[in-house]
2 protein chains.
Amino acid sequence: MKSPAELTELFRSRGLKVTPQRQCIFRVLYGNEAHPTAEVVYETAVAEMPTLSLKTVYQTLNDLADMGELHQLELGTGSARFDANLDAHHHLVCDRCGQVSDVYGDFPEIRTGAAREQGFRITRTEVVFRGLCENCQQAHASGAPDPEADLRYASDKMP
Amino acid sequence: MKSPAELTELFRSRGLKVTPQRQCIFRVLYGNEAHPTAEVVYETAVAEMPTLSLKTVYQTLNDLADMGELHQLELGTGSARFDANLDAHHHLVCDRCGQVSDVYGDFPEIRTGAAREQGFRITRTEVVFRGLCENCQQAHASGAPDPEADLRYASDKMP
DNA sequence: AGCTTATCTATAATCATTGTTGATTGACAA
DNA sequence: TTGTCAATCAACAATGATTATAGATAAGCT
(Lines give C-alpha, C1' and ligand atoms only; values in the text may rest on other atoms or scores of the structure.)
Protein backbone atom coordinates (compact mmCIF):
# COMPACT_ATOMS: atom_id res chain seq x y z
CA MET A 1 0.00 0.00 0.00
CA LYS A 2 1.06 3.60 -0.46
CA SER A 3 3.04 5.33 2.25
CA PRO A 4 1.30 7.70 4.68
CA ALA A 5 2.80 10.63 2.76
CA GLU A 6 1.47 9.33 -0.54
CA LEU A 7 -1.96 8.70 0.94
CA THR A 8 -1.96 12.24 2.29
CA GLU A 9 -1.35 13.54 -1.21
CA LEU A 10 -4.02 11.26 -2.61
CA PHE A 11 -6.65 12.33 -0.09
CA ARG A 12 -5.91 16.00 -0.69
CA SER A 13 -6.06 15.56 -4.45
CA ARG A 14 -9.52 14.05 -4.05
CA GLY A 15 -10.75 16.92 -1.91
CA LEU A 16 -10.71 14.85 1.26
CA LYS A 17 -9.21 16.38 4.34
CA VAL A 18 -6.20 14.88 6.01
CA THR A 19 -6.75 14.82 9.73
CA PRO A 20 -4.42 13.53 12.44
CA GLN A 21 -6.84 10.64 12.94
CA ARG A 22 -6.54 9.61 9.32
CA GLN A 23 -2.77 9.92 9.40
CA CYS A 24 -2.66 7.73 12.46
CA ILE A 25 -4.71 5.09 10.64
CA PHE A 26 -2.42 5.37 7.60
CA ARG A 27 0.55 4.64 9.84
CA VAL A 28 -1.13 1.64 11.42
CA LEU A 29 -1.89 0.16 8.02
CA TYR A 30 1.40 0.89 6.31
CA GLY A 31 3.36 -2.32 5.90
CA ASN A 32 0.85 -4.19 8.03
CA GLU A 33 0.58 -7.78 6.83
CA ALA A 34 -1.69 -9.07 9.58
CA HIS A 35 -5.02 -8.59 7.73
CA PRO A 36 -6.47 -6.76 10.74
CA THR A 37 -10.16 -6.28 11.41
CA ALA A 38 -11.52 -2.76 11.86
CA GLU A 39 -11.57 -3.42 15.59
CA VAL A 40 -7.88 -4.35 15.65
CA VAL A 41 -6.94 -1.27 13.63
CA TYR A 42 -8.93 0.76 16.13
CA GLU A 43 -7.24 -0.81 19.15
CA THR A 44 -3.80 -0.21 17.71
CA ALA A 45 -4.53 3.36 16.69
CA VAL A 46 -6.28 4.29 19.91
CA ALA A 47 -3.11 3.47 21.85
CA GLU A 48 -1.51 6.36 20.03
CA MET A 49 -4.54 8.61 19.90
CA PRO A 50 -6.95 7.85 22.73
CA THR A 51 -9.79 10.06 21.51
CA LEU A 52 -10.15 8.24 18.19
CA SER A 53 -13.54 6.71 17.52
CA LEU A 54 -14.30 3.36 15.92
CA LYS A 55 -16.58 5.09 13.44
CA THR A 56 -13.68 7.12 12.11
CA VAL A 57 -11.71 3.94 11.59
CA TYR A 58 -14.55 2.35 9.64
CA GLN A 59 -14.97 5.49 7.60
CA THR A 60 -11.30 5.77 6.71
CA LEU A 61 -11.00 2.07 5.91
CA ASN A 62 -14.02 2.33 3.64
CA ASP A 63 -12.62 5.42 1.97
CA LEU A 64 -9.33 3.64 1.31
CA ALA A 65 -11.13 0.56 0.01
CA ASP A 66 -13.28 2.70 -2.29
CA MET A 67 -10.13 4.23 -3.75
CA GLY A 68 -8.60 0.79 -4.21
CA GLU A 69 -5.75 1.51 -1.80
CA LEU A 70 -6.82 -1.31 0.49
CA HIS A 71 -8.68 -4.54 -0.04
CA GLN A 72 -11.57 -5.65 2.09
CA LEU A 73 -11.70 -9.40 2.66
CA GLU A 74 -14.78 -11.36 3.66
CA LEU A 75 -13.49 -14.70 4.79
CA GLY A 76 -16.23 -15.86 7.09
CA THR A 77 -14.22 -15.11 10.23
CA GLY A 78 -16.96 -12.96 11.74
CA SER A 79 -15.79 -9.54 10.68
CA ALA A 80 -14.26 -8.01 7.60
CA ARG A 81 -10.50 -7.95 7.34
CA PHE A 82 -8.46 -5.31 5.59
CA ASP A 83 -5.49 -6.14 3.45
CA ALA A 84 -2.85 -3.50 2.85
CA ASN A 85 -1.02 -5.75 0.42
CA LEU A 86 -2.14 -4.78 -3.07
CA ASP A 87 0.04 -7.26 -4.96
CA ALA A 88 -1.79 -10.10 -6.68
CA HIS A 89 -2.04 -12.82 -4.10
CA HIS A 90 -4.41 -15.24 -2.42
CA HIS A 91 -5.16 -16.28 1.14
CA LEU A 92 -4.70 -19.10 3.56
CA VAL A 93 -7.26 -19.11 6.40
CA CYS A 94 -7.00 -21.21 9.54
CA ASP A 95 -10.39 -22.72 10.41
CA ARG A 96 -9.50 -22.84 14.07
CA CYS A 97 -7.79 -19.56 15.01
CA GLY A 98 -8.87 -17.45 12.03
CA GLN A 99 -5.32 -16.41 11.16
CA VAL A 100 -4.97 -15.21 7.57
CA SER A 101 -1.74 -15.35 5.61
CA ASP A 102 -0.79 -14.52 2.07
CA VAL A 103 -0.09 -16.98 -0.71
CA TYR A 104 1.69 -15.83 -3.80
CA GLY A 105 1.05 -17.74 -6.94
CA ASP A 106 -0.46 -17.13 -10.29
CA PHE A 107 -2.92 -19.70 -11.50
CA PRO A 108 -3.49 -18.97 -15.18
CA GLU A 109 -5.64 -22.04 -15.66
CA ILE A 110 -8.31 -20.56 -13.42
CA ARG A 111 -8.56 -17.51 -15.59
CA THR A 112 -8.56 -19.33 -18.90
CA GLY A 113 -10.81 -22.10 -17.64
CA ALA A 114 -13.55 -19.84 -16.29
CA ALA A 115 -13.28 -16.86 -18.59
CA ARG A 116 -16.58 -15.34 -19.62
CA GLU A 117 -18.51 -17.94 -17.73
CA GLN A 118 -22.28 -17.73 -18.25
CA GLY A 119 -22.21 -14.18 -19.60
CA PHE A 120 -20.43 -12.89 -16.50
CA ARG A 121 -17.68 -10.34 -16.81
CA ILE A 122 -15.11 -11.46 -14.29
CA THR A 123 -13.00 -8.72 -12.78
CA ARG A 124 -11.29 -10.49 -9.90
CA THR A 125 -10.56 -14.05 -8.90
CA GLU A 126 -9.98 -14.91 -5.28
CA VAL A 127 -8.63 -18.21 -4.08
CA VAL A 128 -9.07 -19.12 -0.42
CA PHE A 129 -7.24 -22.08 1.02
CA ARG A 130 -8.74 -23.30 4.28
CA GLY A 131 -7.34 -25.70 6.81
CA LEU A 132 -5.21 -25.61 9.93
CA CYS A 133 -2.16 -23.47 10.56
CA GLU A 134 0.98 -24.97 12.07
CA ASN A 135 0.10 -23.98 15.63
CA CYS A 136 -3.44 -25.28 15.40
CA GLN A 137 -2.31 -28.58 13.90
CA GLN A 138 -0.15 -29.12 16.97
CA ALA A 139 -2.90 -28.06 19.33
CA HIS A 140 -5.20 -30.49 17.59
CA ALA A 141 -2.67 -33.33 17.57
CA SER A 142 -1.78 -32.88 21.24
CA GLY A 143 -5.41 -33.46 22.09
CA ALA A 144 -6.53 -29.93 22.77
CA PRO A 145 -9.79 -30.52 24.61
CA ASP A 146 -12.04 -28.00 22.98
CA PRO A 147 -11.70 -27.26 19.30
CA GLU A 148 -14.54 -24.76 19.71
CA ALA A 149 -12.49 -22.84 22.24
CA ASP A 150 -12.76 -19.13 22.78
CA LEU A 151 -9.46 -18.59 21.08
CA ARG A 152 -11.13 -19.48 17.84
CA TYR A 153 -10.94 -16.33 15.79
CA ALA A 154 -9.27 -14.54 18.66
CA SER A 155 -8.18 -11.11 17.60
CA ASP A 156 -4.72 -11.42 16.18
CA LYS A 157 -2.76 -8.47 17.39
CA MET A 158 -0.04 -7.21 15.14
CA PRO A 159 3.66 -6.90 16.08
CA MET B 1 -28.26 -32.53 -1.55
CA LYS B 2 -30.20 -35.47 -0.24
CA SER B 3 -33.94 -35.70 -0.83
CA PRO B 4 -36.36 -34.73 1.94
CA ALA B 5 -36.99 -38.46 2.53
CA GLU B 6 -33.28 -39.19 2.89
CA LEU B 7 -32.78 -36.24 5.20
CA THR B 8 -35.67 -37.50 7.30
CA GLU B 9 -33.88 -40.83 7.64
CA LEU B 10 -30.61 -39.10 8.43
CA PHE B 11 -32.10 -36.91 11.14
CA ARG B 12 -33.83 -39.89 12.74
CA SER B 13 -30.63 -41.94 12.63
CA ARG B 14 -28.87 -39.15 14.48
CA GLY B 15 -31.55 -38.96 17.10
CA LEU B 16 -32.90 -35.66 15.85
CA LYS B 17 -36.61 -35.34 15.51
CA VAL B 18 -38.24 -34.73 12.19
CA THR B 19 -40.81 -32.02 12.58
CA PRO B 20 -43.14 -30.65 9.92
CA GLN B 21 -41.15 -27.41 10.04
CA ARG B 22 -37.93 -29.23 9.26
CA GLN B 23 -39.57 -31.17 6.45
CA CYS B 24 -40.83 -27.93 4.99
CA ILE B 25 -37.29 -26.53 5.05
CA PHE B 26 -35.97 -29.73 3.46
CA ARG B 27 -38.43 -29.26 0.61
CA VAL B 28 -37.44 -25.64 0.11
CA LEU B 29 -33.77 -26.57 -0.11
CA TYR B 30 -34.08 -29.68 -2.27
CA GLY B 31 -32.81 -28.91 -5.74
CA ASN B 32 -32.53 -25.24 -4.90
CA GLU B 33 -29.64 -23.75 -6.82
CA ALA B 34 -30.24 -20.13 -5.85
CA HIS B 35 -27.81 -20.02 -2.88
CA PRO B 36 -30.53 -18.52 -0.69
CA THR B 37 -29.88 -16.63 2.50
CA ALA B 38 -31.56 -17.82 5.70
CA GLU B 39 -34.05 -14.99 5.27
CA VAL B 40 -34.99 -16.15 1.77
CA VAL B 41 -35.41 -19.74 2.93
CA TYR B 42 -37.63 -18.42 5.68
CA GLU B 43 -39.75 -16.33 3.33
CA THR B 44 -40.26 -19.25 0.99
CA ALA B 45 -41.06 -21.71 3.73
CA VAL B 46 -43.36 -19.39 5.65
CA ALA B 47 -45.61 -19.14 2.58
CA GLU B 48 -46.33 -22.82 3.09
CA MET B 49 -46.23 -22.84 6.88
CA PRO B 50 -47.10 -19.43 8.32
CA THR B 51 -46.22 -20.30 11.92
CA LEU B 52 -42.57 -21.08 11.16
CA SER B 53 -40.00 -18.92 12.91
CA LEU B 54 -36.78 -17.54 11.51
CA LYS B 55 -34.92 -19.07 14.43
CA THR B 56 -36.06 -22.52 13.42
CA VAL B 57 -34.76 -21.91 9.92
CA TYR B 58 -31.35 -20.88 11.24
CA GLN B 59 -31.31 -23.88 13.53
CA THR B 60 -32.13 -26.35 10.80
CA LEU B 61 -29.71 -24.80 8.34
CA ASN B 62 -26.96 -25.00 10.94
CA ASP B 63 -27.83 -28.59 11.72
CA LEU B 64 -27.65 -29.48 8.04
CA ALA B 65 -24.36 -27.61 7.64
CA ASP B 66 -22.90 -29.38 10.69
CA MET B 67 -23.79 -32.72 9.11
CA GLY B 68 -22.20 -31.66 5.85
CA GLU B 69 -25.48 -31.86 3.96
CA LEU B 70 -25.37 -28.19 3.08
CA HIS B 71 -22.57 -25.71 2.63
CA GLN B 72 -22.53 -22.29 4.21
CA LEU B 73 -20.97 -19.60 2.04
CA GLU B 74 -19.57 -16.31 3.28
CA LEU B 75 -19.21 -14.20 0.19
CA GLY B 76 -19.38 -10.71 1.58
CA THR B 77 -22.94 -10.14 0.38
CA GLY B 78 -24.15 -9.14 3.83
CA SER B 79 -25.52 -12.44 5.01
CA ALA B 80 -24.51 -16.07 4.80
CA ARG B 81 -25.76 -18.06 1.86
CA PHE B 82 -26.56 -21.73 1.88
CA ASP B 83 -25.60 -24.01 -0.95
CA ALA B 84 -27.52 -27.23 -1.44
CA ASN B 85 -25.16 -28.31 -4.19
CA LEU B 86 -22.58 -30.61 -2.64
CA ASP B 87 -20.65 -31.37 -5.82
CA ALA B 88 -17.17 -29.90 -6.05
CA HIS B 89 -17.63 -26.48 -7.56
CA HIS B 90 -16.79 -22.83 -7.21
CA HIS B 91 -18.72 -19.57 -7.32
CA LEU B 92 -19.38 -16.55 -9.46
CA VAL B 93 -20.58 -13.52 -7.49
CA CYS B 94 -22.07 -10.39 -9.02
CA ASP B 95 -20.68 -7.29 -7.29
CA ARG B 96 -23.78 -5.31 -8.10
CA CYS B 97 -26.82 -7.52 -7.41
CA GLY B 98 -25.15 -10.16 -5.24
CA GLN B 99 -26.37 -13.06 -7.38
CA VAL B 100 -24.33 -16.22 -6.89
CA SER B 101 -23.98 -18.95 -9.49
CA ASP B 102 -22.02 -22.16 -9.67
CA VAL B 103 -18.91 -22.77 -11.72
CA TYR B 104 -17.79 -26.27 -12.38
CA GLY B 105 -14.15 -26.81 -13.03
CA ASP B 106 -11.29 -28.63 -11.49
CA PHE B 107 -8.11 -26.63 -11.14
CA PRO B 108 -5.38 -29.13 -10.24
CA GLU B 109 -2.69 -26.47 -10.41
CA ILE B 110 -4.01 -24.65 -7.38
CA ARG B 111 -3.76 -27.83 -5.36
CA THR B 112 -0.28 -28.77 -6.49
CA GLY B 113 0.96 -25.18 -6.54
CA ALA B 114 -0.06 -24.30 -3.02
CA ALA B 115 0.18 -27.66 -1.31
CA ARG B 116 1.51 -27.54 2.21
CA GLU B 117 2.09 -23.83 2.07
CA GLN B 118 3.87 -22.39 5.12
CA GLY B 119 3.19 -25.41 7.31
CA PHE B 120 -0.54 -25.15 6.73
CA ARG B 121 -2.59 -28.27 6.22
CA ILE B 122 -5.03 -27.31 3.52
CA THR B 123 -8.36 -29.10 3.58
CA ARG B 124 -10.46 -27.08 1.15
CA THR B 125 -9.83 -24.65 -1.66
CA GLU B 126 -12.47 -22.16 -2.68
CA VAL B 127 -12.35 -20.05 -5.78
CA VAL B 128 -14.58 -16.99 -6.01
CA PHE B 129 -14.94 -15.14 -9.29
CA ARG B 130 -16.28 -11.61 -8.89
CA GLY B 131 -17.58 -9.24 -11.49
CA LEU B 132 -20.86 -8.33 -13.12
CA CYS B 133 -23.60 -10.69 -14.20
CA GLU B 134 -25.23 -10.33 -17.60
CA ASN B 135 -28.13 -8.23 -16.32
CA CYS B 136 -25.93 -5.89 -14.35
CA GLN B 137 -23.54 -5.39 -17.25
CA GLN B 138 -26.48 -4.14 -19.29
CA ALA B 139 -27.74 -1.94 -16.48
CA HIS B 140 -24.28 -0.46 -16.16
CA ALA B 141 -23.83 0.02 -19.91
CA SER B 142 -27.22 1.66 -20.33
CA GLY B 143 -26.18 4.30 -17.83
CA ALA B 144 -28.06 3.14 -14.79
CA PRO B 145 -27.96 6.25 -12.62
CA ASP B 146 -27.14 4.75 -9.26
CA PRO B 147 -24.77 1.80 -9.02
CA GLU B 148 -25.33 1.88 -5.26
CA ALA B 149 -29.04 1.34 -5.78
CA ASP B 150 -31.24 -0.47 -3.34
CA LEU B 151 -31.40 -3.46 -5.61
CA ARG B 152 -27.81 -4.16 -4.76
CA TYR B 153 -27.89 -7.46 -2.96
CA ALA B 154 -31.66 -7.55 -3.26
CA SER B 155 -33.04 -10.83 -2.05
CA ASP B 156 -33.03 -13.22 -4.95
CA LYS B 157 -36.25 -15.11 -4.85
CA MET B 158 -36.19 -18.60 -6.22
CA PRO B 159 -38.46 -19.91 -8.97
C1' DA C 1 -7.10 35.21 10.60
C1' DG C 2 -11.67 33.88 8.74
C1' DC C 3 -14.86 31.28 6.16
C1' DT C 4 -16.61 27.08 4.25
C1' DT C 5 -17.22 22.53 4.45
C1' DA C 6 -15.70 18.07 5.56
C1' DT C 7 -14.69 15.40 9.53
C1' DC C 8 -14.82 14.34 14.40
C1' DT C 9 -16.90 12.16 18.63
C1' DA C 10 -20.72 10.31 20.86
C1' DT C 11 -24.86 8.17 20.80
C1' DA C 12 -28.30 5.53 18.85
C1' DA C 13 -29.94 2.59 15.20
C1' DT C 14 -29.71 -1.35 12.08
C1' DC C 15 -28.81 -5.93 10.37
C1' DA C 16 -27.71 -10.75 10.79
C1' DT C 17 -27.48 -14.13 14.01
C1' DT C 18 -27.77 -16.48 18.49
C1' DG C 19 -29.32 -17.23 23.43
C1' DT C 20 -33.23 -17.94 26.73
C1' DT C 21 -37.54 -19.62 28.25
C1' DG C 22 -41.95 -21.62 28.93
C1' DA C 23 -45.12 -24.20 26.17
C1' DT C 24 -45.64 -27.81 22.78
C1' DT C 25 -44.77 -31.96 20.25
C1' DG C 26 -42.11 -36.01 18.33
C1' DA C 27 -40.19 -40.66 19.07
C1' DC C 28 -40.14 -44.69 21.49
C1' DA C 29 -41.66 -48.31 24.46
C1' DA C 30 -45.21 -50.61 27.14
C1' DT D 1 -52.53 -46.11 21.50
C1' DT D 2 -51.00 -43.75 25.00
C1' DG D 3 -47.66 -42.12 28.50
C1' DT D 4 -43.25 -40.20 29.10
C1' DC D 5 -39.40 -37.42 28.44
C1' DA D 6 -36.31 -35.10 25.84
C1' DA D 7 -36.19 -32.25 21.83
C1' DT D 8 -38.21 -28.55 19.44
C1' DC D 9 -41.19 -24.58 18.89
C1' DA D 10 -42.10 -19.43 18.84
C1' DA D 11 -41.59 -15.12 20.99
C1' DC D 12 -38.56 -12.25 23.01
C1' DA D 13 -34.24 -10.36 24.21
C1' DA D 14 -29.25 -10.09 23.56
C1' DT D 15 -25.05 -9.92 20.89
C1' DG D 16 -21.56 -8.38 17.56
C1' DA D 17 -20.46 -5.88 13.44
C1' DT D 18 -21.40 -2.00 11.01
C1' DT D 19 -23.73 2.33 9.75
C1' DA D 20 -26.67 6.54 10.47
C1' DT D 21 -27.57 11.09 12.91
C1' DA D 22 -26.28 15.50 14.75
C1' DG D 23 -23.98 19.01 16.97
C1' DA D 24 -19.17 20.38 17.85
C1' DT D 25 -14.65 20.91 15.75
C1' DA D 26 -10.95 21.69 12.75
C1' DA D 27 -8.70 21.37 7.79
C1' DG D 28 -7.66 23.93 3.95
C1' DC D 29 -8.33 27.68 0.96
C1' DT D 30 -8.33 32.85 0.49
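When reading the values below, keep in mind they use all heavy atoms of this one structure, side chains included, and skip hydrogens, waters and symmetry mates. Convention: sequence-line order gives letters A, B, ...; per-chain numbering from 1.
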Heavy-atom closest pair, residues A:G105 and A:H90: O-CD2, 3.6 Å
Distance-minimising heavy-atom pair for A:M1 and A:Y30: O-CE1, 3.5 Å
Salt-bridge criterion met for A:D63 and A:R14 (N-O under 4.0 Å): no
Salt-bridge present (A:R27, A:E48; N to O < 4.0 Å): yes
Sugar-phosphate, base or nothing in reach of A:S79, heavy atoms under 4.0 Å: sugar-phosphate
CA sep, side-chain torsions, deciding dist, call: B:T60, B:Q21, side chain to side chain contact (heavy atoms under 4.5 Å, CB included): CA-CA 9 Å; B:T60 304; B:Q21 289 87 347; over 6 Å; no
Base-contact (B) and sugar-phosphate-only (S) positions in nucleotides 18-30 of chain C, heavy-atom cut-off under 4.0 Å, - elsewhere: BBB-----BS---
Which whole-number value in Å describes the distance from [X] [atom1] to [N] [atom2]?
X     : N      : atom1 : atom2 : value
A:I25 : C:dT9  : CD1   : C1'   : 13 Å
A:L61 : D:dA17 : CG    : P     : 15 Å
A:M49 : D:dA26 : CE    : P     : 12 Å
A:Y42 : D:dT19 : OH    : C1'   : 16 Å
B:L73 : C:dA16 : CG    : P     : 17 Å
A:L52 : C:dT9  : CG    : C1'   : 10 Å
B:F26 : D:dT8  : CZ    : C1'   : 13 Å
B:E39 : C:dT14 : CD    : P     : 16 Å

A:L86 vs A:H71 side-chain heavy atoms within contact, under 4.5 Å: yes
Inter-end axis angle, the helix from C:dA1-D:dT30 to C:dA30-D:dT1, with every axis fitted to five base pairs (rounded, 10 degrees): 40°
Residue mapping more 5' on DNA chain C - nearest nucleotide basis, B:E74 or A:Q21: A:Q21
Under-4.0 Å side-chain N/O to phosphate OP1/OP2 contact, A:T37 with D:dA17: no
Distance (rounded to the nearest 0.5 Å) between B:L70 CG and B:D83 CG: 7.5 Å
Nearest-neighbour nucleotide for the B:A38 side chain, D:dT8, D:dA10, C:dT17 considered: C:dT17
Aromatic plane relationship, B:H35 with B:H89 - under 30° parallel, 30 to 60° tilted, over 60° perpendicular: tilted
Mutual orientation of the aromatic rings belonging to B:F107 and B:F129 [parallel < 30°, tilted 30-60°, perpendicular > 60°]: perpendicular
